[in-house]
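The structure under discussion appears below in the form of structure tokens.
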Amino acid sequence: MPYYKYAAITGSGGNTTGVVEAQSLDAAQDSLAARGLMPTQVSETNAPGGAGAGGGLLAQLSMRMQSVKPQDLILFTKQFKTMLNAGIAVLQSLDVLEAQTENPKLKGAIVSIAADIKSGTTLSNAFSKHQNIFSELYCNMIRAGEISGTLTEVLERLIYIVDHEFKVKKDIKSAMTYPAVVVTALVIAFFVLILFVLPQFVAMFAKSGVELPLPTRICLGIYAGLTHYWHVGLILLGGIFFAVTAYFRTEGGKIFRDGLFLRVPIIGPVFKKAAMARFASIFAILQSSGITVLESMDILTGTIGNHYIARDFRNLREKLEQGRGLSGPLRSCPSFTPMMISMITIGEETGNMEEMLKEAARHYDYEVEYSVSKMSELLGPVLVAGLTGVVGFFALAIFLPLIGIMQNAMSGLK
């Protein structure tokens, strides 16, 4: 979206200048007028800060590369909800938020949203043009709030969702730090031993004439491959990487990848519980917002965060369209846990679905928190055993031939 440099007269008669982002020159002038400014000069510029063409290109590239952190999104949603609760109009609220927001990427999105609303676009459609910032769930929740007239309540629920998922991801990332360090140490130890330690003994082994044990022959084979055919290995690894990456971009590849994650010991159950917690909490919010079950399935399909489970949602929707109810088709979905199915069944039979979903969400939130806290404890011994195994294997590869050489030397002395 282009930027426009402007000079304008304020409502108090003073002069002001700045840069505004808008779809067109007319949209830029309308945006300024909506702020109570009388533009005297408006012209397109390449840079948000009014720099030259090169600086403008760099500034735009820098803004595109910036990300909107969950904290920024939570703060924006809280402020937006507070102003709407106070009776401030949407456009006026967005103008205030634009002035207060420090993140350049989010600021640009707010300007664009305000301009779209002025041109007659609905709030949800304006938000949906920036799905690199506002997720599909976020935009659909805004749409639900518009339709039901409960926008402030929906924003309150969005604050909970964004904040909760940020905390879960942060906990998982924290739990994976130690395993990542151990794996990195494992890889470094492997290459150091192969490329720097083993070569010191190669000449000695060759002159000794002793029969080399299997661990030593394996290590010498790896060493020879890395030193003589490293370029072939790089090409092969590069080809495999690009082939796997291309496959994982396809729908079938995404389903296979996410299904594989769910089957990984220790880590897989955590991802499954996190998906169940997200499903229950979002489904409960959608139900309380007046969105039908079929529409909820559409939203959940795009927001569950796992393509393997999303495939089950698509199959589930087809069965729901046939009027089979919810709990029955759920039993045929392998991704759903027995407890989740039982909670939904009880909620469907008692007419208290929303409360049952909230209870299930609370349960799985606790399960995820507990599992994440135990993840490092469970993975730690496995990874340390792997590191010990690698170092031990190389120790055998080096010391077994040395023992053989020493035995030959002792036999010669006798």
**OP:** Could you tell me which non-hydrogen atom of Gln131 sits nearest to which non-hydrogen atom of Cys139, and how far apart they are?
**Re:** CG-SG, 4.3 Å
Original post:
What heavy-atom pair brings Lys358 and Ala284 nearest, and what distance separates the two atoms?
Top reply: CG-CB, 3.9 Å
Which atom pairs, one a donor and one an acceptor, fall under 3.5 Å between side chains of residues 336-347 and the rest of the protein, sequence neighbours left out?
from   : atom 1 : to     : atom 2 : distance (Å)
Thr337 : OG1    : Met340 : N      : 3.3
Thr337 : OG1    : Tyr364 : OH     : 2.4
Ser342 : OG     : Pro338 : O      : 3.0
Thr345 : OG1    : Arg331 : NH2    : 3.2
Thr345 : OG1    : Ile341 : O      : 2.7

**OP:** Report the C-alpha distance between Leu151 and Lys81 in whole Å, list the side-chain angles of each, state the deciding distance to 0.1 Å, and finish with yes or no for side-chain contact (heavy atoms from CB on, under 4.5 Å).
**Re:** CA-CA 8 Å; Leu151 186 57; Lys81 184 210 73 170; over 6 Å; no
Original post:
If you round to the nearest 0.5 Å, how far is CG of Leu195 from CD1 of Ile222?
Top reply: 10.5 Å
Just list the side-chain donor-acceptor pairs under 3.5 Å for residues 236-253, sequence neighbours left out, or say none.
from   : atom 1 : to     : atom 2 : distance (Å)
Thr245 : OG1    : Phe241 : O      : 2.7
Thr250 : OG1    : Tyr247 : O      : 2.5
Thr250 : OG1    : Gly253 : N      : 3.1
Glu251 : OE2    : Arg314 : NH2    : 3.2

Subject >> By ring-ring contact (aromatic ring centres under 6.0 Å, His included) - contacts of Phe283 (at least two apart) >> reply: Phe279
**OP:** Identify the two heavy atoms, one from Ala397 and one from Cys219, that lie closest to each other, and give their separation to 0.1 Å.
**Re:** CB-SG, 3.5 Å
Original post:
Where is the tightest heavy-atom contact between Pro199 and Ile194, given as atom of each residue plus distance?
Top reply: CD-O, 3.4 Å
Original post:
Does CD belonging to Glu369 count more than 12 external heavy atoms closer than 6.0 Å?
Top reply: no
Subject >> Residue pair Ile398 / Val197, side-chain heavy-atom distance below 4.5 Å >> reply: yes
Subject >> ring pair (Phe, Tyr, Trp, His ring centres under 6.0 Å) assessment of Phe76 paired with Phe134 >> reply: CA-CA 11 Å; Phe76 163 79; Phe134 306 102; 5.8 Å; yes
Original post:
Does Pro269 reach the side chain of Ser371, with side-chain heavy atoms less than 4.5 Å apart?
Top reply: no
Original post:
Got a donor-acceptor contact below 3.5 angstrom from the Arg311 side chain to the His307 backbone?
Top reply: no
**OP:** List the steps, then state whether ring pair (Phe, Tyr, Trp, His ring centres under 6.0 Å) holds for Tyr308 with Phe256.
**Re:** CA-CA 7 Å; Tyr308 184 84; Phe256 174 79; 9.8 Å; no
**OP:** Return yes if some donor-acceptor pair links the side-chain N/O of Ser128 with the main-chain N/O of Asn125 below 3.5 Å, else return no.
**Re:** yes
Original post:
Can you check whether Leu84 reaches Ser93 side chain to side chain, under 4.5 Å on heavy atoms?
Top reply: yes
Subject >> Donor-acceptor pair, side chain of His363 and main chain of Glu359, under 3.5 angstrom >> reply: no
Original post:
What's the spacing between Met297 CE and Asp312 CG if we round to 0.5 Å?
Top reply: 11.5 Å
Original post:
If you round to the nearest 0.5 Å, how far is CG of Leu155 from CE of Met83?
Top reply: 10.5 Å
**OP:** Could you tell me the separation between the CD1 atom of Ile113 and the CZ atom of Phe80, rounded to the nearest 0.5 Å?
**Re:** 8.0 Å
Subject >> Check: Phe166 and Gln71 side chains under 4.5 Å, non-hydrogen atoms >> reply: yes
Subject >> Smallest separation among heavy atoms of Ala109 and Ile133, with atom names >> reply: CB-CD1, 3.7 Å
Original post:
Counting N and O atoms only, with roles assigned by atom type, does the side chain of Asp116 sit under 3.5 Å from a partner on the main chain of Thr121, one being a donor and the other an acceptor?
Top reply: no
Subject >> Any donor-acceptor N/O pair, Lys107 side chain to Glu98 backbone, under 3.5 Å >> reply: yes
Original post:
For the residue pair Phe271 and Phe261, does the interplanar ring angle fall in the parallel (under 30°), tilted (30 to 60°) or perpendicular (over 60°) class?
Top reply: tilted
Subject >> Audit row: Ile142, Leu158, side-chain contact (heavy atoms from CB on, under 4.5 Å) steps and yes/no >> reply: CA-CA 9 Å; Ile142 293 289; Leu158 277 171; 4.1 Å; yes
Subject >> Nearest-0.5 Å distance, CG of residue Leu262 to CD1 of residue Ile267 >> reply: 11.5 Å
Original post:
Sub-3.5 Å donor-acceptor pair from the side chain of Glu146 to the main-chain atoms of Leu123, do we have one?
Top reply: yes
Original post:
Which atoms form the tightest heavy-atom contact between His130 and Ser112, and what is the distance?
Top reply: NE2-OG, 3.1 Å
Original post:
Under 4.0 Å between a Lys/Arg side-chain N and an Asp/Glu carboxylate O for Lys167 and Asp163?
Top reply: yes
Original post:
Charged N to carboxylate O under 4.0 angstrom, Glu367 versus Lys273?
Top reply: yes
Subject >> Met353 CE to Glu355 CD distance, which is reported to the nearest 0.5 Å >> reply: 12.5 Å
Original post:
Within a reach of under 6.0 Å around NZ of Lys78, are more than 12 heavy atoms found that belong to other residues, nucleotides or ligands?
Top reply: no
**OP:** Please answer whether the main-chain N or O of Leu212 pairs with a side-chain N or O of Thr216 as donor and acceptor at a distance below 3.5 Å.
**Re:** no
